[in-house]
Novice: 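Dropping the structure in here first, questions after.
Here the structure is a predicted model, which is why all the values come from computation and not from measurement. Lettering follows sequence order; numbering is per chain, from 1.
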Amino acid sequence: MISGYVECGKIELARNFFDAMPQRNNVSWITMISGYSKSGNINLARELFYQIGERDLHMYNAMITCYSRNSRPKEAIELFNQMLSLDVDIQPDEMTLASILSACSQLGDLRFGTWLESYMRKIGIEMDDHLATALMDLYAKCGSIDKAYELFHGLREKDLVAYTTMILGFGINGKPINAINLFEEMVDAHIRPNLITYTGILTAYNHAGLVEQGYRCFMSMMENGIVPSADHYAIMVDLLGRAGRLEEAYKLIKGMPILPHAEVWGALLLACKLHCNVEFGEIAAQNCFDLEPETTAYYSLLANIYADVGRWDDAKMLRKKVMEKGMAKIPGSSWVESS
DNA sequence: GTAGGGTTAG
């Protein structure tokens, strides 16, 4: 019952059912924690986790995974260390290590990562494809792209996540051509790219400055029934904009079936700065101001465009605005971590 | 009685 509710996203119903249960076994606690994890509710997951009297490996795994997949790598590693400590002393398994490796690459902590690799050997955890993929991601994020590719090459079965990880890895390591080649290999292998894969491949086309090919890829994405997110549009606007095709970029934004976020307009604004275009620059900037009034970078960009074309008074006025906004931040609580 | 934990972006 709980898992059924969790699967269709009815987490409150699952909780009601859970609360009404006279006796809760391990599985029900784990189902509830992973349900909160999937819906991004770290606090409720943690609350439940610490209500458990006797915690086993699977419960630790559920909570560590919750931290890791919700971008709390430090807390994931903290709990992992707690698990290894003498007063808990539970030996991790493949599942634990996959989540911890992910936390590690989120932090870009290669030293802890290589320690984990030898630790795995020490306690006899065999490197399966999931673990190799997580390790691949770590190496790629830390700049060891050759080591990442070695691991990729050694996979028993290259699946969607493996290809996507490697494509993203080539992308962040400045190897767009390798990313593009791998994407083609993936399509040939009949593995269907998802939204994340397209983020990687479109970024690669962008970095390689391959406008036509990138545009074609974006179109084929939609033909394959994958609906681009605002992030994908932002990449496309950047690609077209950097090539000086500002009007096309603008039209792409206007034709979006979803609301463009500030990053989309910001990409156009940046392109307008590169090409000293006031016309679209003003439109892009106005949208950025409306969407994110507190981000001063947008005001500066427009000010720089004005300066480029000799409109000093307009530039000055905007720079004054930036100063005022900067000052206004000081008495506030902008340095308090938001969560 | 039944239900569970892994890897990819932002």
Novice: Would you kindly check whether a donor in the side chain of Asp93(A) faces an acceptor in the base of dG5(B), or vice versa, at under 3.5 angstrom?
Specialist: yes

Novice: Report the distance from atom OH of Tyr233(A) to atom P of dG10(B), rounded to the nearest whole Å.
Specialist: 20 Å

Novice: Given dG4(B), dA3(B), dT7(B), which nucleotide is nearest the side-chain atoms of Thr133(A)?
Specialist: dT7(B)

Novice: Would you mind telling me which of dT8(B), dG4(B), dT7(B) lies closest to the side-chain atoms of Thr31(A)?
Specialist: dG4(B)

Novice: Tell me which nucleotide among dG5(B), dG10(B), dT7(B) gets nearest to the side chain of Glu263(A).
Specialist: dG10(B)

Novice: Met32(A) has an atom CE; how far is it from atom P of dG5(B), in whole Å?
Specialist: 13 Å

Novice: Between dG10(B), dT7(B), dT8(B), spot the one nearest the side chain of Thr164(A), thanks.
Specialist: dT8(B)

Novice: Quick one: is dG4(B) close enough that its OP1 or OP2 comes under 4.0 Å of any side-chain N or O from Lys38(A)?
Specialist: no

Novice: Indicate whether OP1 or OP2 belonging to dA9(B) is found under 4.0 Å from a side-chain N or O atom of Lys141(A).
Specialist: yes

Novice: Which heavy atom of Cys104(A) sits nearest to which heavy atom of Phe112(A), and what is that distance?
Specialist: SG-CD2, 3.4 Å

Novice: Counting the atoms with a prime plus P, OP1 and OP2 as sugar-phosphate, which does Leu57(A) contact under 4.0 Å by heavy atoms, base, sugar-phosphate, or nothing?
Specialist: base

Novice: Report yes if a donor N or O on one partner sits less than 3.5 Å from an acceptor N or O on the other, where the partners are the side chain of Asp128(A) and the base of dG6(B); otherwise report no.
Specialist: yes

Novice: In this structure, how many angstroms lie between the P atom of dT7(B) and the CE atom of Met120(A), rounded?
Specialist: 14 Å

Novice: For Asp313(A), does the CG atom sit with more than 12 other heavy atoms under 6.0 Å from it, leaving out its own atoms?
Specialist: no

Novice: Do Glu117(A) and Tyr139(A) come close enough that some side-chain heavy atom pair is under 4.5 Å?
Specialist: yes

Novice: Between dG10(B) atom C1' and His232(A) atom NE2, what is the distance in whole Å?
Specialist: 10 Å

Novice: Please state whether the phosphate of dT8(B), meaning OP1 or OP2, lies under 4.0 angstrom from any side-chain nitrogen or oxygen of Ser102(A).
Specialist: yes

Novice: If you check every side-chain atom of Asp137(A), which of dG5(B), dA3(B), dT8(B) has the closest atom?
Specialist: dT8(B)

Novice: Under 4.0 Å, heavy atoms only, any strand: does Met21(A) hit a base, just the sugar-phosphate, or nothing?
Specialist: base

Novice: Check whether the side chains of Ser99(A) and Thr65(A) place a donor and an acceptor atom closer than 3.5 Å, and report yes or no.
Specialist: yes

Novice: Specify the separation, in whole Å, of atom CZ of Phe18(A) and atom C1' of dG4(B).
Specialist: 13 Å

Novice: Within less than 4.0 Å of OP1 or OP2 of dT7(B), is there a side-chain N or O belonging to Thr165(A)?
Specialist: no

Novice: Please determine, by modelled atom types, if Glu279(A) and Tyr250(A) share a side-chain donor-acceptor pair under 3.5 angstrom.
Specialist: no

Novice: Of the nucleotides dG5(B), dA3(B), dT7(B), which has the atom closest to the His130(A) side chain?
Specialist: dT7(B)

Novice: Distance check needed: dG10(B) P versus Asp231(A) CG, whole Å only.
Specialist: 8 Å

Novice: Consider the side chain of Leu168(A), meaning its heavy atoms from C-beta on, and name the nucleotide among dG5(B), dT7(B), dA9(B) that approaches it most closely.
Specialist: dA9(B)

Novice: Between dT7(B), dG5(B), dA3(B), spot the one nearest the side chain of Ser28(A), thanks.
Specialist: dA3(B)

Novice: Measure CH2/Trp29(A) against P/dG4(B) and give the value in whole Å, please.
Specialist: 17 Å

Novice: Using whole Å, what does the distance between atom P of nucleotide dG6(B) and atom CG of Leu131(A) come to?
Specialist: 13 Å

Novice: Is the positively charged end of Arg319(A) above the ring of Tyr299(A), judged by distance under 6.0 angstrom from the centroid and angle within 45° of the axis?
Specialist: no

Novice: Just N and O in the side chain of Thr199(A): are any of them under 4.0 Å from OP1 or OP2 of dT8(B)?
Specialist: no

Novice: Select base, sugar-phosphate, or nothing to describe what Ile33(A) touches, counting heavy atoms under 4.0 Å on all strands.
Specialist: nothing

